Amino acid sequence: MEKNILITGGNGFIGSYLKNYLIEHGYQVIAPSSKECNVLEKEWFQEYAGSIYHVIHLAGKTFVPQSWTEPENFFDINLRGTLNIIQFCREYNIAMTYISAYIYGQPEKVPISESEKVNPNNPYAKSKYMAEE
């Protein structure tokens, strides 16, 4: 069990690269598809309790134009879904990494430092920022 990692969103753009990297470095990676892994349904987490030591949470809604037309869906999945993952990790004492970078708005310079002012300028960015907080 010591090298079992669950990646939510493990079949997405970042997740697929991360999954391959971790496998190449000897980790056992569990990366359920979005059909198998609904972060709004707490029941699916339970099958992994006791078999993983780390969760990397990447799952979420990401298409910014869609966030303007479906903001409730973005807040539900990106905020409540993240809260469900946090509660699962807390209950089973599992380490968690949460990746969120699109919270700074239009950067004045790149690379963006974590000390830059946060300026979530669309519903997607706001949902990620709220989940991070």
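In this text, all values refer to a predicted model and were calculated from it rather than measured experimentally.
Put simply, the side chain of L6 does not reach to within 4.5 Å of the side chain of S51, judged on heavy atoms. Residues P71 and F74 are not in side-chain contact: their nearest non-hydrogen atoms beyond the backbone lie 4.5 Å or more apart. Between L22 and I7, the closest side-chain pair of non-hydrogen atoms falls below 4.5 Å. No side-chain heavy atom of E116 sits under 4.5 Å from any side-chain heavy atom of E108. When side chains are defined from C-beta on, I85 counts as touching C89, because their heavy atoms get closer than 4.5 Å. Using a 4.5 Å heavy-atom cutoff, the side chains of K42 and F45 are in contact. Side chains of Y104 and E114 form a contact here, defined as non-hydrogen atoms less than 4.5 Å apart. Between I94 and Y53 there is no side-chain heavy-atom pair separated by less than 4.5 Å.
Between T62 and Y124 the shortest heavy-atom distance is CA-CE1, 3.6 Å.
To the nearest 0.5 Å, the span separating CG on N73 from CD on Q66 amounts to 7.0 Å. A distance of 9.5 Å separates CG in L18 from CD1 in I23, rounded to the nearest 0.5 Å. Within the model, atoms CD of E91 and CD of Q46 stand 6.0 Å from one another, a figure rounded to the nearest 0.5 Å. Interatomic distance, OH of Y48 versus CD1 of I30, reported as 6.0 Å (0.5 Å rounding). Going from atom OG1 of T82 over to atom CG of L79 covers 7.0 Å, rounded to the nearest 0.5 Å.
By the rule that hydrophobic residues join a cluster once side-chain heavy atoms approach within less than 4.5 Å of another member, Y129 and L83 end up as members of separate clusters. There is a path of hydrophobic side-chain contacts, each under 4.5 Å, that joins V118 to V110.
Listed for the N119 side chain is no donor-acceptor partner under 3.5 Å among the backbone atoms of Q106. Distance alone, capped at 3.5 Å, places no donor-acceptor pair between the N78 side chain and the K128 backbone. Listed for the N121 side chain is no donor-acceptor partner under 3.5 Å among the backbone atoms of G105. Side-chain atoms of E36 come within 3.5 Å of backbone N or O of S33 as a donor-acceptor pair. With S16 contributing its side chain and N11 its backbone, the two residues share no donor-acceptor pair below 3.5 Å.
Relative orientation of the Y17 and F13 rings is perpendicular, given thresholds of 30° and 60° on the angle between their planes.
Each of N84, I86, V39 was scored for a side-chain contact (heavy atoms from CB on, under 4.5 Å) with H57, with one residue passing: V39. When each of E132, M130, E133 is checked for a side-chain contact (heavy atoms from CB on, under 4.5 Å) with I103, only E132 meets the rule.
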